[in-house]
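What follows is a single structure, written as C-alpha cells, with notes after it.
None of the values given here were measured: they were computed from a predicted structure. In what follows, chains are A, B, ... by sequence order, proteins preceding strands, each numbered from 1.
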Number of protein chains: 2
Amino acid sequence: MALEQRRRAPSFTPPQALALGFALMIFTGTILLALPIAHEPGQQLTLVDALFMATSAVCVTGLAVVDVATTFSTFGEVVLMLLVQAGGLGIMSLSTMMFLVTGRRIGLQERLMMQEALGSFSIAGVVKTTRSIITTTLIVEAVGAALLTLRFLAYYPPGQALYFGVFHAITAFNNAGFDLTSQSLRIFNRDPFILLVVAGLILLGGIGFIVMQDVWRQRRWERFALQTKIVLVVTGGLLVAGTLLILALEYGNPATLGPLPFPDKFFNALFTSVTFRTAGFESISMGRMAYAALLVAIVLMYIGGSPGGTGGGIRTTTFAVIILAVRATVRGTEEIQVMGRRLPRELLDRAIAIAAMAMAIIVVVGGLLLVTESHVVSDPGNPVTIADVLFEGTSAFSTVGLTTGVTPHLSIPGRLLIALTMYIGRIGPLTAAVALAQRRRERAHIEYPEERVMIG
Amino acid sequence: MALEQRRRAPSFTPPQALALGFALMIFTGTILLALPIAHEPGQQLTLVDALFMATSAVCVTGLAVVDVATTFSTFGEVVLMLLVQAGGLGIMSLSTMMFLVTGRRIGLQERLMMQEALGSFSIAGVVKTTRSIITTTLIVEAVGAALLTLRFLAYYPPGQALYFGVFHAITAFNNAGFDLTSQSLRIFNRDPFILLVVAGLILLGGIGFIVMQDVWRQRRWERFALQTKIVLVVTGGLLVAGTLLILALEYGNPATLGPLPFPDKFFNALFTSVTFRTAGFESISMGRMAYAALLVAIVLMYIGGSPGGTGGGIRTTTFAVIILAVRATVRGTEEIQVMGRRLPRELLDRAIAIAAMAMAIIVVVGGLLLVTESHVVSDPGNPVTIADVLFEGTSAFSTVGLTTGVTPHLSIPGRLLIALTMYIGRIGPLTAAVALAQRRRERAHIEYPEERVMIG
Ligand SMILES: [K+]
Ligand SMILES: [K+]
C-alpha cells in the first residue's frame, strides 16, 4: 500500500520529510562515528552505540553511552560537533541552504515544511529567515567560543583551550550537553564565568530564533509579538522558580550544593535550572540530587525550550496555552485570552495532542526501561527506581541529555529504546504521529450528530 | 470582601454548595470519630487523625493512618460505615432526600447543582434519579452483603460474618477501601468467591448510576447512550489491560503473585486491576509490587472511575475525550468524533482543565510529601521514593485508598496535606477551582483580537 502510494505521489508531506530528513542525518552520523578513524586507538564502538551517539548528537540531546573524550578521536569529536550543529540548525535550514547553493527555486510545499519546522509565519520570509538563523547561530557561537576560550586558557594550553571553547560553545548553543571533560561542567562549578557563559548560550539557543530576532529588532516590550512575550514570560518564570526550588531543596545536600560557598550555591542553582530546560550539562551531579529536586527537574525538562529554538520538550508555548486554557475554563470564559489577545482554538488542540502524547511516551518509556533494565532494577547496590527511569525517559524525549547515571549502563534494548525516544522527541510526537497517519487525513469528511457525555 | 458578598447574596453557587456540603460532612464525622465512645478501650485518636479518617470516609477513599479494626469501637466502625455511605450517595442525593422528607420544593438552582453532581441530563428527572440511586445502592449493597456473609460464615461466627458482610459490601460498593481484617483482603487472596463479589461491587459502584440504569433499561448496545458506551468500552479496556500487565509484571514476584497457583494468580491480577480503579482494597501487597507495576497502578488510579459513580480520578470519560481529541488532531479533523457522534468542544475544555489540574496537584503533593516526610525519605532502612509519594498523592487525589505503606507513618503536615488532597479530589479540581474563582465569572466580556503563537 505504502509503496503503491509512493509510486503515485513521490513527494512526501512536510511531517514525513522532516522525519525522513532527521533519520537520514542519523544514518549518516552512525556510519561516520562507526569508522575506526573516529575512535581513540584501542577503543571499540558497537554499531548500536554509534547509532545511539549519532541520534543523541543529531537530536541535540547529549545523552551518552560512552565517554566522548576518551572514546572518540579528534575526527570523531568533530563529527559529533558537526552533527550537533546540523541537528541544531535543523534539517529545514540545511535543506534551504542546499536549495540556495544549487540555485533551485523553493516550492510552496518545501517552504511550508520549513515554516512548520522553523515556526516562521510568513512564507516569503523563509529563505531570508534561514539565512538569519545561520548568521545568528554563527555569530552567537563565535562570541561564546571566544569567551570560553579566554577563560579555558586558565586551565588548558592555548590549542586545547580554543578547541574546547569552540566545541562547548557549539554544544551549549545547540543545547546538546556533550562535553570533552569526561565530567561535564562539574569541574567548573566554582567558576561562575564559565557557568554564566554556557547558561547564556543555552538560553539563547533554547529561546528560539524568532524570539531573538523580534527582541533584537523591536527592542521594546510593547512592540514584541505575543509569541515573544509568552516565551520570555514563561522562560523567565521557570528560570526563577527553578533556581529558587533547587536552591531550597539542595542547599544542604553534601553531594551537590552543600559544600559550595553562597555565591556559588546560587550560580550552580541558576545553572542547573537553565540546564533542565533541555541543555544537558551538569554542574552538580544529577544522580545525587534529592528526590524532590528530581521531581522539579522532570517537570522543567518536560516543559523544555521554546519553539524554533534548539531545545526540546513540549515547549514553553504549549505549556502556556494549556495553563491559559485551564484558566479560561475555571473563569467560565470560552475564549483563551492572554495579554489582550485571543488564541485560536486549534492551538489548544495541538497543545493537548503534544502534551498528552509526550506524557504517554514518557510513562511508557519509563515502564519499558523498568523491564529492559530489570537486571539493574533489582540490584540492591545500585537500584534503578521510578525516579531514574522517568528522569531518563523525560531527558530522552525532551532531548535534554541529563541522566541520574542510568545511560552508560543501559542494555541494548534500552539503548535502542532511548535512541528512538530521542528521535521522536526531536521531530515532535505530533509530527511523528501525523507523518504515520498521513493517509487517514484524506478520508471523506462526515458530519456526525452531536451528543454530550459527562466529564470528571 | 467575601463576607460583604455573602451578605448581599446568601445563596451559594452549585460548586460552592458542593464544596461546603462535603466540608460539613467531614466536620461532623471528625467530631463523631473523636468521641471516646468511638474508640476501643485504651485507644487514643488525635484530632488530626479523626479529621483524616473522617475525610477518608466521606471522600470514600480508604486511606487510613490508624488500623480501623483495632482502633475503633463498633460505634466508631458504624460511624465510619455511615460516613462512607453518605459520601458515596453524595451530598447531592442526601440533600434531595432531605428536601423530600421535609416536603420542600426543589428550586431550579438546587436541581442544577444536583444535576452537576449526579450527572443526570434532564432537570425534571433529578428527584426521580435520586430515588433510583438510593434504591439501586441499597439493593446492590444488600445482595453483596448477603453473598459476602454467606462466604464469611466459613471464616467467622454468624454475627461477625453478617457484620463483616454488611461493612465490606458498603465499603466495596462505595469504593472506600476500609476493612475490618487489619490486612485488607490479603487474607482472602486464595478465595476467588470473595475477590469476585468485592470486585463486582467495586465495578458497579465505580461505573456510575446513569450507566447502570441505562444498561438495565435499554439492555441492547445500540440503544445505549454514548456516555454508557464510552464508560463500558474504557472500563472494559482498562480492566483487561490492567489485568494482563499486572499478571505479566508480578507473575514471578515472590512477595505478590509468585507463590499463588495459576487460577489464583489470575483472580488476584484481575482484582488488583479492579481495585486500582479507585476502590482501595488489597489482595496483594502494594508496597512489594515491582516498580513497573506501580507505574501501571499510578496511571490506572489517575484515570479512576466513571462520572456519577463512587470512584474518583479524572474519570474514564475525561480520559476518553482527551484520547479522542488527540486522535482528531493527528487525523487533521477539527471535530471530536466517536461512534458516529460528535462531542461538543466545551467537553474538551473541561477535560483538559480536569486532567491538567489533577496532574499538577499530584506532582505538587508528591513533591511536598518528599519535603514533609524527609525524615523517612533519607531513612536507608525504609526509604520513601518518588514512586511512593506519587502513588500516595494519586491514591489520595483519586480517592483510591491504596498505599505502598506510607500513610500510617505520615507526619502531621503530611496527614493534613493528604486529607486536603482527598477533599479536593472528591469534589473535583475543576469544581474546587470554580468554587474559589466564582466571583471572576461575573467580569465583563471583552472581545480581544486574535493572535497566533507557535506550538511545540
Ligand atoms: K540537550
Ligand atoms: K477508594
Greatest number of heavy atom pairs closer than 4.5 Å to chain B - which of Ala353(A), Gly305(A), Ala320(A): Ala353(A)
Top of Val296(A), Ile386(A), Leu430(A) for chain B proximity - count of heavy-atom pairs under 4.5 angstrom: Ile386(A)
Which atoms of Leu249(A) approach chain B - backbone, side chain, both or neither, heavy atom under 4.5 Å: side chain
Contact class of Ala387(A) relative to chain B, heavy atoms under 4.5 angstrom: both
Do you know which two heavy atoms are closest between [X] and [Y], and how far apart they sit?
{"X": "Ala292(B)", "Y": "Val371(A)", "result": "CB-CG2, 4.5 Å"}
{"X": "Met357(B)", "Y": "Val330(A)", "result": "CE-CG2, 3.9 Å"}
{"X": "Gly366(A)", "Y": "Leu295(B)", "result": "C-CD2, 4.0 Å"}
{"X": "Thr385(A)", "Y": "Tyr291(B)", "result": "CG2-OH, 3.7 Å"}

Proximal component of Val299(B), with respect to chain A [non-hydrogen, under 4.5 Å]: side chain
Euclidean distance, Ile298(B) CD1 relative to Leu390(A) CG, rounded to 0.5 Å: 8.0 Å
Qualifying side-chain hydrogen bond (donor to acceptor under 3.5 Å, both in side chains) pairs, either residue in residues 294-308 of chain B, two or more places apart: Ser306(B)-Thr316(B)
Residue pair Asp349(A) / Leu348(B), side-chain heavy-atom distance below 4.5 Å: yes
